[in-house]
Structure formats: C-alpha cells, structure tokens
Amino acid sequence: MPVRSRALPRSFFARDSRVLAPELLNKVLVRRPIGEPAGEATVPLLAARIVEVEAYCGAEDAGSHAYRGQTARNATMFGPAGHLYVYFTYGMHWCANAVAGEPGTASAVLLRAAAPLEGLDVMRARRPKARRDRDLLSGPAKLCAAFGITGALDAADLTKGELRILDDGTPPPAVPLVTTRIGLAAGKGDEHPWRFGVSADPNLSR
DNA sequence: GGTGTGATCGTA
DNA sequence: ACGATCACACCA
C-alpha cells in the first residue's frame, strides 16, 4: 500500500451512482483494526482492490431497494453519500453498497467483487469454503463475509470510519467492462447496463 | 466451461 | 411469498 493512499472525500461519492460506479473500480477497500487511530500510515488489517460494482438509482430504478420509497431497511440510502448501506438477502447473505448522490436521491453502488491485497489469512479464515484466493471476494456476499461486514456496519461513514475506500493512485480502467446487472427479474431493472468491471480480472463474480 | 437446485429468513 | 446469493452436484 503506497504511503500516498488517501481516503476518498465525501464529494467523491456525492455524484450520480452511474457516474460514481466506474470511478470506484481499482479503488482500495480497507478495514483497519478496531480502535486504531486514523493515521494515513497505519497498515490496514484488510485491503482489496474493487474490480466489480453495480449502480442503483433509487426512485427511477425498479431494481433498487429504494424504488418503493423509504423503509427502515433502506433508510441509509436516503442519507448522505459516502456511507455504507448494508442489507441482508436470501435469508443468509449480507451485501454492501456505497451511498451515492445528494441526500434524498437514494442511489447507491453495490460492491460486487474485489481482488485481495492484504489480510489474506483473515479472509481465508472467514471464508473456509473458498478453495482459491480468487474466490475470496468474487461476489457481493463473499466480499462482506471476508471483510466481516454485517448489518452492524450499516450507515458506517466510509470517509472516516474503520472501513474506508482509498485512492492509491491506480486509475479506473479506461474502458471498463459494462453489462446488465446480475440477479434482477425481467422488467425489474434488468435492462439497464449498470454493472461495471475490470475486464478479464480473475476475481470477477461468476 | 456450463446449468440446476437447495439452503434459509427479513421484509413487504 | 420472494429475494441486488452461494456452493455443490453434475454434465461437457
């Protein structure tokens, strides 16, 4: 991790989720030890380079949890950008998003896959079923499991908390992979090309 | 490489 | 009921 890595400011997140999403590719998700001071030089406990994301667009997006308005579950998405929206799905999995846009827009970017950089031993211990390291973070629920992200981290501030997204100087891909989003029912937003990835990266979800 | 299926529970 | 999923079984 280069010394000049720095946490992304809130202004970085406060944009349309479809603009923010590809900009998050090649940024570094880090989790620092609990209670560790927020110095820039601290070695993170866990670090991974984001290689796959999806944009969700609130009230105008049938695929978004916010499509039918605010509830207790999705309230974080209606708040300020730069916070983490964590939800539980399929009765067993947690998934994490970076809240985007202006307050009230309820847009977010789902973190779908990442390439492990640091803390591989911790990630392997949390994901004993992953046979290869490229499977540690190759899906939104896998990523949360490996990073220990649960509902307890919903609404965490990504700009200054124990969980952050850093810019280490690696630019996003000039030409990202762009496809429709995964797991949406027909007519429920599946037509929008709002999934973005680092082409041919081995850590992409299946 | 691909497809099919069961697990398991909060939310609407 | 159904889901912004995963892992395993199987076939190729």
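Just so we're on the same page: letters track the sequence lines, and every chain starts at 1.
Evaluated for a side chain to side chain contact (heavy atoms under 4.5 Å, CB included) with A:Leu84, the options A:Asp157, A:Ile149, A:Asn97 yield exactly one hit, A:Ile149.
Here A:Ala130 pairs with A:Arg127, A:Asp135, A:Leu136 under the side chain to side chain contact (heavy atoms under 4.5 Å, CB included) rule; sequence neighbours left out. Considering only residues two or more places apart in sequence or on other chains, A:Arg68 meets the salt bridge (Lys or Arg N to Asp or Glu O under 4.0 Å) condition with none of them. Residues satisfying the side chain to side chain contact (heavy atoms under 4.5 Å, CB included) criterion with A:Pro9, sequence neighbours excluded, are A:Ser11, A:Phe12. When the salt bridge (Lys or Arg N to Asp or Glu O under 4.0 Å) test is applied to A:Arg195, the partners found at least two apart in sequence or on another chain are A:Glu52. Judged as a salt bridge (Lys or Arg N to Asp or Glu O under 4.0 Å), and not counting sequence neighbours, the contacts of A:Arg18 are A:Asp16, A:Glu60. Applying the side chain to side chain contact (heavy atoms under 4.5 Å, CB included) rule to A:Thr150 yields the partners A:Trp94, A:Ala152; only residues at least two apart in sequence or on another chain are considered. Not counting sequence neighbours, the partners of A:Ala21 by the side chain to side chain contact (heavy atoms under 4.5 Å, CB included) test are A:Val53, A:Ala55, A:Val109, A:Phe196.
Here C:dC6 presents its C1' atom at 14 Å from CG of A:Leu143, a figure rounded to the nearest Å. Computed from coordinates, the A:Tyr87 OH to C:dT5 C1' distance equals 8 Å when rounded to whole Å.
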Under a cut-off of 3.5 Å for both distances of each Watson-Crick or G-U pair, what dot-bracket string does DNA chain C give, using [ ] for crossing pairs and | for inter-strand pairs? |||.|||||||.

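The shortest non-hydrogen separation linking A:Thr159 to A:Ala7 is O-CB, 4.1 Å. Taking each heavy atom of A:Met77 and A:Ser64 in turn, the nearest pair found is CE-OG, 4.3 Å. Across A:Asn203 and A:Ala115, no two heavy atoms sit closer than the pair ND2-CB, 3.4 Å.
Nucleotides B:dG10 and C:dA7 are separated by 22 Å at their C1' atoms, to the nearest Å.
Atoms CG and CG, on A:Leu166 and A:Leu158 in that order, are 10.5 Å from each other to the nearest 0.5 Å.
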In B/S/- notation, 5' to 3', how is nucleotides 1-12 of chain B contacted by protein heavy atoms closer than 4.0 Å? S-----BBBSSS

Show each protein N/O and nucleotides 7-11 of chain C N/O combination with a separation under 3.5 Å, one pair to a line.
{"residue": "C:dA7", "atom": "OP1", "partner": "A:Arg127", "partner atom": "NH1", "Å": "2.7"}
{"residue": "C:dA7", "atom": "OP1", "partner": "A:Arg127", "partner atom": "NH2", "Å": "3.1"}
{"residue": "C:dA7", "atom": "OP2", "partner": "A:Lys142", "partner atom": "NZ", "Å": "3.2"}

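Contacts between residues 182-202 of chain A and DNA chain B, defined by a heavy-atom separation below 4.0 Å, involve no residue at all.
Within the structure, no pair that satisfies the salt bridge (Lys or Arg N to Asp or Glu O under 4.0 Å) test touches residues 170-179 of chain A, not counting sequence neighbours.
Within 4.0 Å of A:Gly139, counting heavy atoms only, lie sugar-phosphate atoms of the nucleic acid but no base atom.
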